[in-house]
Asker: 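Okay, handing you the structure first.
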Amino acid sequence: MKTLIIIPTYNEKQNIKKLLKEINQLKLKNLDILIIDDNSPDKTAEIVAKLQQKYQNLFLIKRSGKLGLGSAYITGFNWAIKRDYDYIFEMDADFSHAPKDIPRLLNAAQSGADLAIGSRRVKGGKIIGWNWQRHLSSFGANKLAKILLGLKTRDATAGFRCFRAQALKKLDLNKIKSNGYAFQEEMVYLFEKNNFKIKEVPVTFKDRAQGKSKLGKKQILEFFQVIFMLKFFKYKKIIKFCVVGISGAIIDFTALICLVELFSVPILIANGFAFSLAVINNFIWNKTWTFRNTEKKYLKQFSQFVIIALIGLSLNILLMHLFVSIGLHYTLAKIIIVFIVGAWNFLTNKYWTFKLNNNKSVQF
Ligand code: GDD
Ligand code: MN
């Protein structure tokens with residue numbers, strides 16, 4: 001069992017040496033440390049490079065400039081997955097996360113949690129040294145994530161974590177939207193959405209004594225953007241499916257009127273033709289846009305799509321008959337039917353016609 005602690009650094013020259021010493025004093029077995037430095041102007045990377053001679057378990061990735069906390073961790077995760085680590089830590093360089101808590105987090109992950117979070121918001125957890133503004137923004141960030149994204153995790157912004165690599169491997173890390181601090185909440189969102197097991201382990205978070213926090217206005221703004229984007233992404237496919245449905249209805253209607261009025265085609269034939277045109281239109285857009293399905297099974301998928309559309313049409317007629325016969329006004333009946341048939345079309349196409357067999361498709 002191999003463990004990696006990833007520590008992103010930006011101007012941490014006052015902290016890094018002491019931190020590495022304290023982590024190594026824990027004498028944990030098969031433990032490596034990876035520093036991801038974004039070309040810190042204070043030359044943190046040079047200190048780390050020197051310490052590599054002393055610590056065989058110390059690795060360093062130097063990036064060209066300040067690319068953000070989230071992207072630093074993604075770089076680290078990919079590095080760790082390639083080298084077959086089993087447990088992967090996130091940790092700050094400024095002693096806000098106490099090295100002595102590492103074994104407790106590791107233990108939680110080893111006893112079955114896909115993600116162990118060093119939590120400040122469960123019984124026994126604490127935050128020391130923040131001003132009220134910082135308390136408020138952290139509280140707000142967690143509340144908003146709870147309300148908008150339905151997160152159950154109490155401390156979804158925490159940056160002290162231990163992941164089981166097996167769980168990380170199931171996610172497509174390239175699809176993560178945040179580069180900065182919002183990354184923490186996005187990861188929790190992905191884990192909860194995929195029903196991975198999260199355990200919150202109480203820790204005390206102490207604000208840094210040396211150096212400065214890098215959490216600025218830009219990061220706070222990005223944080224809100226990401227929350228709204230994740231919220232929207234939850235409904236992205238349904239929204240696109242509706243747009244396609246409306247385009248199909250317009251085509252159906254226009255084609256019918258044109259054929260009947262301009263070309264005097266008999267109504268029933270014109271109706272069948274217009275309906276087919278709409279089905280072809282919807283198929284193309286749903287395949288390439290709504291579900292972004294790139295499989296080459298055009299014929300098979302089109303047949304499935306047509307079968308679903310025909311069942312939807314029969315359902316439409318049947319339900320109208322039923323609703324009107326129990327006394328519902330036909331307009332109200334139509335509204336209910338649009339929802340029922342729409343849901344039928346959407347779900348069957350999503351889980352049957354355009355179902356992806358890709359094992360990384362769990363998330364979005
Ligand atoms: N490589 C790299 N690039 N490292 C960065 C960057 C970056 O752009 N930005 C920050 N870091 C490093 C810092 O050097 C530090 O080791 C760690 O990331 C955390 O940064 P701080 O600036 O100390 O963050 P904080 O104390 O304000 O925020 C902490 O609490 C937040 C929740 O309230 C962190 O733990 C966050 O992860 C957490 O979301
Ligand atoms: Mn900090």
Side-chain angles (χ1 to χ4, degrees), residues 3-12 15-16 19 22-23 33-38 44 66-77 80 87-102 104-106 108-109 113-122 125-130 134-135 137-142 144-145 151 153-164 168 173 176-192 198-216 218-220 222-223 226-227:
T3 304
L4 180 72
I5 300 186
I6 303 173
I7 305 175
T9 56
Y10 193 76
N11 289 345
E12 302 288 0
N15 293 312
I16 196 67
L19 182 72
E22 286 194 20
I23 295 175
I33 303 169
L34 172 65
I35 306 291
I36 313 238
D37 186 76
D38 278 359
T44 306
K66 194 166 186 304
L67 300 172
L69 183 70
S71 84
Y73 277 127
I74 291 170
T75 303
F77 292 161
Y87 299 98
I88 303 169
F89 270 84
E90 284 182 13
M91 187 176 184
D92 290 355
D94 59 357
F95 285 99
S96 287
H97 305 144
K100 69 165 174 40
D101 290 334
I102 292 172
R104 280 196 303 133
L105 282 182
L106 186 58
D114 292 307
L115 165 58
I117 297 183
S119 174
R120 303 159 293 186
R121 301 187 185 281
V122 289
K126 264 211 297 285
I127 297 170
I128 298 177
W130 272 0
R134 191 67 210 257
H135 271 291
S137 70
S138 172
F139 179 80
N142 274 297
L144 196 75
L151 296 191
T153 303
R154 304 273 286 275
D155 194 352
T157 56
F160 193 17
R161 302 175 168 192
C162 178
F163 292 91
R164 236 156 50 86
L168 276 184
L173 298 173
I176 288 173
K177 295 171 197 52
S178 23
N179 296 321
Y181 286 67
F183 166 80
Q184 307 291 18
E185 262 169 310
E186 186 167 359
M187 289 305 290
V188 171
Y189 173 77
L190 286 175
F191 269 61
E192 286 199 15
I198 298 180
K199 179 149 196 319
E200 292 191 72
V201 177
V203 297
T204 298
F205 176 101
K206 229 168 63 210
D207 197 22
R208 60 164 73 233
Q210 305 291 330
K212 272 209 296 271
S213 165
K214 284 93 201 170
L215 183 88
K218 195 171 144 236
Q219 277 77 23
I220 296 182
E222 189 209 36
F223 166 80
V226 170
I227 296 268

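Quick note: numbers below take in every heavy atom, side chains included, and nothing from hydrogens, waters or symmetry partners.
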Asker: With sequence neighbours excluded, what pairs up with Asp92 under the salt bridge (charged side-chain N to carboxylate O under 4.0 Å, His left out) test?
Answerer: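 Residues passing salt bridge (charged side-chain N to carboxylate O under 4.0 Å, His left out) with Asp92: none at all.
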Asker: Distance only, no hydrogens: is a donor on one side chain within 3.5 Å (strictly under) of an acceptor on the other, for Ser138 and Arg121?
Answerer: yes
Asker: Cut-off 3.5 Å, side chains only: do Ser71 and Asn179 have a donor facing an acceptor?
Answerer: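 Their side chains do not contain a donor-acceptor pair, so the 3.5 Å distance test is not met.
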Asker: Going through the checks in order, is the side chain to side chain contact (heavy atoms under 4.5 Å, CB included) test met by Lys100 and Glu22?
Answerer: CA-CA 8 Å; Lys100 69 165 174 40; Glu22 286 194 20; over 6 Å; no
Asker: Which pair of non-hydrogen atoms, one from Gly125 and one from Pro202, has the smallest distance, and what is that distance?
Answerer: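 Reported closest heavy-atom pair: N-CB, 3.6 Å.
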Asker: Drop me the distance from Ile33's CD1 to Thr3's OG1, to the nearest 0.5 angstrom.
Answerer: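 These two atoms lie 11.0 Å from each other.
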Asker: Say whether, by atom type as modelled, one donor and one acceptor occur between the side chain of Gln219 and the main chain of Gly216 under 3.5 angstrom.
Answerer: yes
Asker: On a heavy-atom basis, which atom in Gly118 and which in Asp155 lie closest, and how many Å separate them?
Answerer: O-OD2, 4.2 Å
Asker: Run the side chain to side chain contact (heavy atoms under 4.5 Å, CB included) check on Gln184 and Tyr73 step by step: do they pass?
Answerer: CA-CA 10 Å; Gln184 307 291 18; Tyr73 277 127; 4.1 Å; yes
Asker: Contact between Lys126 and Lys206 at the side-chain level, heavy atoms closer than 4.5 Å - yes or no?
Answerer: no
Asker: Tell me, with the steps shown, if Ile6 and Glu90 meet side chain to side chain contact (heavy atoms under 4.5 Å, CB included).
Answerer: CA-CA 5 Å; Ile6 303 173; Glu90 284 182 13; 5.8 Å; no
Asker: How close do Ala108 and Ala116 get, heavy atom to heavy atom, and via which atoms?
Answerer: CB-CB, 3.8 Å
Asker: State the CD1-CD1 distance between Ile5 and Ile35, to the nearest 0.5 angstrom.
Answerer: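 It is 9.5 Å, given to the nearest 0.5 Å.
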Asker: Would you name the heavy atoms of Ala141 and Glu185 that are closest together and state the gap between them?
Answerer: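 Closest approach of Ala141 to Glu185, heavy atoms only: O-OE2, 3.0 Å.
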Asker: Any carboxylate oxygen within less than 4.0 angstrom of a Lys/Arg side-chain nitrogen, looking at Asp114 and Arg164?
Answerer: yes
Asker: Return yes if a side-chain donor-acceptor contact under 3.5 Å exists between Arg120 and Ser96, otherwise no.
Answerer: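 No, because no side-chain N or O of Arg120 sits under 3.5 Å from a partner of the opposite role on Ser96.
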Asker: Nearest 0.5 Å, what's the CG-CZ distance between Asp101 and Phe205?
Answerer: 12.5 Å
Asker: In Å, rounded to the nearest 0.5 Å, how long is the span from CD1 of Ile36 to OH of Tyr10?
Answerer: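 Taking CD1 in Ile36 and OH in Tyr10, the distance rounds to 15.5 Å.
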Asker: Roughly how far, to the nearest 0.5 Å, is the SG atom of Cys162 from the CD1 atom of Ile117?
Answerer: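 Between atom CD1 of Ile117 and atom SG of Cys162 there are 11.0 Å.
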Asker: Walk me through whether Glu12 and Lys214 qualify under salt bridge (Lys or Arg N to Asp or Glu O under 4.0 Å).
Answerer: CA-CA 11 Å; Glu12 302 288 0; Lys214 284 93 201 170; 3.1 Å; yes
Asker: Would you compute the distance between atom OG1 of Thr75 and atom CG of Leu173 and round it to the nearest 0.5 angstrom?
Answerer: 10.5 Å
Asker: Can Glu192 and Thr153 be counted as having a side-chain donor-acceptor contact under 3.5 angstrom?
Answerer: yes
Asker: Please step through ring-ring contact (aromatic ring centres under 6.0 Å, His included) for the pair Phe163 and Phe191, ending with a clear verdict.
Answerer: CA-CA 10 Å; Phe163 292 91; Phe191 269 61; 5.5 Å; yes
Asker: Please check if any side-chain donor atom of Ser178 sits under 3.5 Å from a side-chain acceptor atom of Glu186, or the reverse.
Answerer: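 Present: a donor and an acceptor within the cut-off.
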Asker: Compare every heavy atom of Leu19 with every heavy atom of Pro99, then report the nearest pair and how far apart it is.
Answerer: CG-CD1, 4.0 Å
Asker: Kindly determine whether Lys199 and Leu115 satisfy side chain to side chain contact (heavy atoms under 4.5 Å, CB included), including the steps that lead there.
Answerer: CA-CA 6 Å; Lys199 179 149 196 319; Leu115 165 58; over 6 Å; no
Asker: How are the rings of His97 and Phe160 set to each other: parallel, tilted or perpendicular (split at 30° and 60°)?
Answerer: parallel
Asker: For the backbone of Arg154 and the side chain of Glu200, can you confirm whether one donor and one acceptor N or O come within less than 3.5 Å of each other?
Answerer: yes
Asker: Are any of the side-chain heavy atoms of Phe183 and Val226 separated by less than 4.5 Å?
Answerer: no
Asker: Checking side-chain contact (heavy atoms from CB on, under 4.5 Å) between Leu34 and each of Leu4, Ile88, Ile7, which is the one that passes?
Answerer: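 With Leu34 as partner, side-chain contact (heavy atoms from CB on, under 4.5 Å) holds for just one option, Leu4.
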